[in-house]
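Contents: one structure, followed by commentary.
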Amino acid sequence: MKKVEKFINSHLHLLRRISQIGSLVLIIAIPFLNKSGINILKGTYYSISIGELDIIDPAIALQMILLTKSILITVLLMMIVPVVLAMILGKVFCSWACPFNFIAELLGKLKKSPSIHSRNPKTFHYWTIFGIILLSMTVFGIPIIVFISMPGQISALIADAIFNGILGIEILLVIVILAIEFLFNRNFWCKYVCPVGATLSLFRIKKTIKVTYEPNKCAKCEGKKDSPCIAVCPLNLNPRLSGAYPYCYNCFECVNTCRKNGGALNISFEKKLN
Amino acid sequence: MLLEWLNKLVSIKDPLRPPGAVSEDEFLLRCTRCRKCVEVCPYDSIKMAHGESGLKMGTPYIEARDMPCYLCDDFPCIEACPTEALSPVESKEEVRMGIVVIDESLCLPYNGFLCRACYERCPIYREAITLKDNLYPVVHEDMCVGCGICVNVCPAETVAISVKSFHGDI
């Protein structure tokens, strides 16, 4: 067990990239399998079936509950896997699996990193945006989340392109968001807007895995303008200050970088050290 | 209501939904756009609507003229639906996807030609479509399930039979 833990800890970046590529391969493989009559895997990131196990995106489930004002037991059961995962590991779906974040992250790398903020954005902003989405959805009775769920849209687009050879024009929505991110604000969608990530954040508890910071171990980069841990963060957060959560999606890039620079940042289930 | 107004703007006005679909308004709220019904359909009858269909984007529909619903015994599409947007039906007779309408000005028998294509192929045989005077097909709305097989087989130059999707509450 210790060996496994050590391996994971020392190969965080590599493992994450493998996971992200695996997730992309999965959504490309599903329509190919279905086309040849194999239905063990089916669905998209809105709702996916692995054999008998049905999983639903909790954001879509939340939308359905709010809009139809009814709760289906089957839907609640389908939420168990993602909710438990979010309770233990935080919103790792975003950083380790979401195809949109993967593309956005790679595009972000083409640009030089933005100016480093010394402080993290207010938690209030995050919940306000999510609140506006939920409120407007409920008031107008329109299923907004299915339209702006980027992992769902991308997987459905890929599936239909492979299955029926049709590329839907909704790809423009994905392209526009990526373009805005590229031109103006790196990863603003994943950081502030995405309702899928925000729903997963609802299930964060005290024991959820998190990045911890020990100031006494942090010496080498203190005072430097571009701290490696902040510079490497895809969401441009500062892991050394409080308030990185609920924004942080536990990609652990900062921890990975810090290992080479003193090791003040760590991963822990326990209460935050700073 | 905003939802109704937005629905008027789109290209697919009254899509024929897969069997078991709840009423259209409820369907738009319940459907997760997960594509599972599209993927499991053995005849590839079910298609996915795209951006040009506005709020119906991502939802499944059937174009009867291309490929109708053959009403599988086990309804894999209903089985695959995670949110009961397609809710279970007891038998194929219970399905209410839509109702077909015959345009007598185009229908061959009404114009002096012998044709029994729709009558012969109707899966609710001798109940949903019967022949008046052994010649003229007549649709019985209470029995028609709206699968669209008759629409698919109609040999008339301009298709004489069309299916109207069912929009009432079931």
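Naming convention: chains lettered A, B, ... in sequence-line order (proteins, then strands); numbering from 1 in each chain.
Rounding to the nearest 0.5 angstrom, the gap separating the CD1 atom in Ile144(A) from the CG atom in Leu55(B) is 9.5 Å. To the nearest 0.5 Å, atoms OG1 (Thr68(A)) and CD (Glu26(B)) are separated by 6.0 Å. Here Glu79(B) contributes atom CD and Ser49(A) contributes atom OG; the two are 10.0 Å apart, rounded to the nearest 0.5 Å. In this structure, CE in Met57(B) is found 4.5 Å from CD in Gln153(A), a value given to the nearest 0.5 Å. Put simply, OG1 on Thr44(A) and CZ on Arg35(B) are 7.5 Å apart, with the number rounded to the nearest 0.5 Å.
Using non-hydrogen atoms only and a strict 4.5 Å limit, no part of residues 192-203 of chain A faces chain B. Applying a 4.5 Å heavy-atom cutoff, none of the residues of residues 123-135 of chain A approach chain B. Using a 4.5 Å heavy-atom cut-off against chain B, the contacting residues of residues 17-37 of chain A are Ile30(A), Asn34(A).
In the displayed structure, Leu106(A) atom CG is contacted under 6.0 Å by more than 12 heavy atoms of other residues, nucleotides or ligands. Counting heavy-atom neighbours within 6.0 Å of Asp74(B) CG, excluding the residue itself, gives a total above 12. A 6.0 Å sphere centred on CZ of Arg121(B) holds no more than 12 heavy atoms belonging to other residues, nucleotides or ligands. Atom CD of Glu93(B) has more than 12 heavy atoms from other residues, nucleotides or ligands within 6.0 Å.
The side-chain contact (heavy atoms from CB on, under 4.5 Å) check on Ala80(B) picks up Lys42(A), Lys36(B), Val40(B), with sequence neighbours excluded.
Counting heavy-atom pairs closer than 4.5 Å to chain A, the top-ranked of the candidates Cys34(B), Gly58(B), Pro82(B), Pro76(B) is Cys34(B). Among Ile166(A), Ile145(A), Asn164(A), Ile171(A), the residue making the largest number of heavy-atom pairs under 4.5 Å with chain B is Ile166(A). Put simply, of Leu66(A), Val146(A), Ile60(A), Leu167(A), the one with the most heavy-atom pairs under 4.5 Å next to chain B is Val146(A).
No side-chain donor-acceptor contact under 3.5 Å links Glu39(B) to the backbone of Asn39(A).
Between Ser149(A) and Arg33(B), every side-chain heavy-atom pair lies at or beyond the 4.5 Å cut-off. Looking at heavy atoms from C-beta onward, Met48(B) lies out of side-chain contact with Phe163(A) at the 4.5 angstrom threshold.
Ile56(A) touches chain B through its side chain: at least one heavy atom from C-beta onward sits under 4.5 Å away, while N, CA, C and O do not. Residue contact with chain B, scored on non-hydrogen atoms closer than 4.5 Å, involves the side chain of Thr74(A) exclusively. Interface remark: Asp160(A) contributes backbone and side-chain atoms alike to the contact with chain B (heavy atom separation under 4.5 Å).
Across Glu170(A) and His50(B), no two heavy atoms sit closer than the pair OE2-ND1, 2.9 Å. Considering every non-hydrogen atom in both Pro143(A) and Leu28(B), the closest pair reads CG-O, 3.6 Å.
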